[in-house]
Amino acid sequence: LTEIFFDKAIRRAEELDAEQASNPNVPLRPLHGLPISLKDSHKIPGYDSTVGLICFANKPETVYSPLAQLLLDQGAVLYCKTNVPQTMMTADSDNNVFGRTLNPANVNITAGGSSGGEGALIAMRGSVLGVGTDIAGSIRIPSVCNGIYGLRPSVGLVPDADNKDVVAPGTDGVAPVAGPMAISLRSCDLFMKAMNAAEAWKYDGSCLHLNRWDTRLKHTNLRIGIARNDGMYTPWPPVRRAMEEAATKLRASGIDLVELEMPDISEAVSTTYRMYSVDGCEVSTISQTAESIYTDTIRVYSGFDQAR
Amino acid sequence: LIKQGEEPEVESVKRTNLASIPGATLKDYFELNAARRRTQAAFQQFWLQNRLDALLYPPAPTTATPLDEWSVITYTMLWNLLDYPAVIIPTGRVCDSDSADGIENATFGPHDEKNYSLCKSISPKS
């Protein structure tokens with residue numbers, strides 16, 4: 001956890017109880033009384049949003065992020081914020097302000113990132129529903145590492161405006177997006193339905209004026225593709241086993257499952273890496289020293305090297 | 001911002017090293033947007049030609065890696081570029097029968113071999 005405000009949360013819950021008691025016939029709001037944890041980049045007045053950077057420490061926010069405000073308006077109880085990597089652009093939630101988030105299942109392996117604090121907290125059931133953000137996998141990677149559900153919605157459904165970020169404003173070619181991380185798919189669905197109920201565009205002008213979240217099936221004879229790898233990296237044995245188990249279950253349930261090879265993604269990978277560094281990362285780091293750092297690294301990237 | 005805070009970069013920031021990718025000129029940026037449209041068009045065809053309702057796909061080639069070793073984001077970043085919704089459905093834990101197999105299974109080049117060989121260093125715990 002990065003910021004802890006349990007006292008405030010308990011007061012809020014008591015207020016909600018009182019509200020319900022005084023108006024017992026008024027329908028409850030969709031998230032009434034539900035505790036929701038937030039990735040550190042979401043702003044809460046009176047608390048820092050360091051996003052793992054020392055330069056933002058001890059500079060409390062004065063306003064709520066639009067998404068935090070939306071969740072409160074839907075009845076949620078906010079009680080904590082969770083750890084991220086320095087810069088929020090790595091898959092290890094480690095920084096010089098709060099240290100490293102450990103994986104509760106095994107402290108020798110990563111909890112993932114950038115929403116790694118959420119992943120670990122939800123894995124331990126310190127939260128049942130949290131909010132992460134994802135520009136390259138930052139909801140999904142910690143979900144993988146911690147064995148939980150995580151949804152990266154399309155852009156424009158969940159407010160992500162005015163969250164703390166380290167990229168230069170206006171550079172977003174590939175935009176970050178906020179989304180739910182939870183212990184069930186049903187919880188992810190509840191979160192998205194709350195976005196519909198709240199009319200997300202009233203909180204973030206870049207959201208669509210549509211209630212687009214609708215998980216009702218349009219037909220019952222589903223056809224699902226399965227692709228076993230991306231043509232760049234071979235899945236490890238446990239990943240291949242999980243894919244095979246899922247395929248077997250889907251086939252057994254009568255799903256029309258079709259084996260596919262992915263289209264060549266090498267140009268897509270290179271394009272995406274370059275989109276992430278449109279400004280040369282000048283805001284988050286100091287590009288002058290970057291080359292010397294790079295020569296110290298031992299990692300070989302395909303696609304990444306193409307982007308360079 | 002890192003400089004402003006007079007702090008060192010943590011290991012995973014050093015290794016990810018996005019700052020080594022050069023910034024883009026306006027012309028570069030237009031070209032990147034055009035490349036994105038090409039990818040979107042290719043995947044639209046992929047989706048339509050195969051008449052898909054959904055795609056089952058690994059979210060990564062790995063399970064949770066040793067600390068600071070997670071480098072592969074090709075499996076996740078694609079859906080950010082395309083702006084498709086993507087959901088992680090957990091399937092259980094690594095178990096003893098998932099032991100690492102030979103490096104010859106990694107057929108996509110040296111970067112793949114390196115990532116594949118990391119599998120040896122994770123040991124299932126109960």
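Within every chain, numbering begins at 1; the chains are lettered A, B, ... in the order of the sequence lines, protein sequences first and strands thereafter.
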Can you check whether [Y]'s main-chain N or O pairs, donor with acceptor, with [X]'s side chain at less than 3.5 Å?
{"X": "B:Tyr116", "Y": "A:Thr234", "answer": "no"}
{"X": "A:Ser277", "Y": "B:Ile21", "answer": "yes"}
{"X": "B:Asp53", "Y": "A:Arg223", "answer": "yes"}
{"X": "B:Tyr75", "Y": "A:Tyr233", "answer": "yes"}
{"X": "B:Asn80", "Y": "A:Val174", "answer": "no"}
{"X": "A:Thr110", "Y": "B:Thr65", "answer": "no"}
{"X": "A:Arg140", "Y": "B:Thr76", "answer": "yes"}
{"X": "B:Asp68", "Y": "A:Asp92", "answer": "no"}
{"X": "A:Gln86", "Y": "B:Ile2", "answer": "no"}

Identify which part of [X] has an atom lying under 4.5 Å from any heavy atom of chain A, answering side chain, backbone, both or neither.
{"X": "B:Ala86", "answer": "both"}
{"X": "B:Leu118", "answer": "both"}
{"X": "B:Ile73", "answer": "both"}

About how many Å separate [atom2] of [Y] and [atom1] of [X], when rounded to the nearest 0.5 Å?
{"X": "A:Tyr149", "Y": "B:Ile88", "atom1": "OH", "atom2": "CD1", "value": "11.5 Å"}
{"X": "A:Thr271", "Y": "B:Asn33", "atom1": "OG1", "atom2": "CG", "value": "10.0 Å"}
{"X": "A:Tyr273", "Y": "B:Leu32", "atom1": "OH", "atom2": "CG", "value": "15.0 Å"}
{"X": "B:Thr74", "Y": "A:Ile265", "atom1": "OG1", "atom2": "CD1", "value": "5.0 Å"}
{"X": "A:Thr90", "Y": "B:Lys14", "atom1": "OG1", "atom2": "NZ", "value": "13.0 Å"}
{"X": "A:Leu53", "Y": "B:Leu1", "atom1": "CG", "atom2": "CG", "value": "6.0 Å"}

If you compare all heavy atoms of [X] against all heavy atoms of [Y], which two are closest, and at what distance to 0.1 Å?
{"X": "A:Ala227", "Y": "B:Tyr57", "answer": "O-CD1, 3.5 Å"}
{"X": "B:Asn115", "Y": "A:Trp236", "answer": "O-NE1, 3.1 Å"}
{"X": "B:Pro59", "Y": "A:Val144", "answer": "CG-CG2, 3.4 Å"}
{"X": "B:Ala100", "Y": "A:Pro237", "answer": "CA-CG, 4.3 Å"}
{"X": "A:Gly52", "Y": "B:Glu7", "answer": "O-OE1, 4.2 Å"}
{"X": "A:Val239", "Y": "B:Ala60", "answer": "CG1-O, 3.7 Å"}

Checking [X] against chain B: side chain, backbone, both or neither under 4.5 Å from a heavy atom?
{"X": "A:Ile224", "value": "both"}
{"X": "A:Leu250", "value": "side chain"}
{"X": "A:Val278", "value": "both"}
{"X": "A:Glu259", "value": "neither"}
{"X": "A:Asp256", "value": "neither"}
{"X": "A:Leu260", "value": "side chain"}

B:Glu104 atom CD: more than 12 heavy-atom contacts under 6.0 Å: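 Atom CD in B:Glu104 is packed in, count exceeds 12.
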
With B:Glu6 via side chain to side chain donor-acceptor pair (under 3.5 Å) - residues at least two apart: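 In terms of side chain to side chain donor-acceptor pair (under 3.5 Å), with neighbours along the sequence ignored, B:Glu6 is linked to no residue.
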
Leading residue by heavy atom contact count with chain B [cutoff under 4.5 Å; candidates A:Arg240, A:Glu245, A:Arg100]: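 Going by pairs under 4.5 Å, I would pick A:Arg100.
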
Residue among A:Met262, A:Arg152, A:Met181, A:His219 with most heavy-atom pairs under 4.5 Å to chain B: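 Of the candidates given, the most pairs with chain B belong to A:Arg152.
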
Any donor-acceptor N or O pair under 3.5 Å, side chains B:Ser12, A:Asp94: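 Per modelled atom types, B:Ser12 and A:Asp94 side chains form no pair under 3.5 Å.
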
Contacts with chain A made by residues 24-31 of chain B (heavy-atom distance under 4.5 Å), listed by residue number: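 Expected list: B:Ala24, B:Asp28, B:Tyr29.
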
Contacts with chain A made by residues 39-49 of chain B (heavy-atom distance under 4.5 Å), listed by residue number: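 The stretch touches chain A at B:Thr39, B:Phe43, B:Phe46.
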
Partners passing salt bridge (charged side-chain N to carboxylate O under 4.0 Å, His left out) against B:Asp98 (at least two apart in sequence or in another chain):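 Counting only residues at least two positions away or on another chain, B:Asp98 forms a salt bridge (charged side-chain N to carboxylate O under 4.0 Å, His left out) with A:Arg241.
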
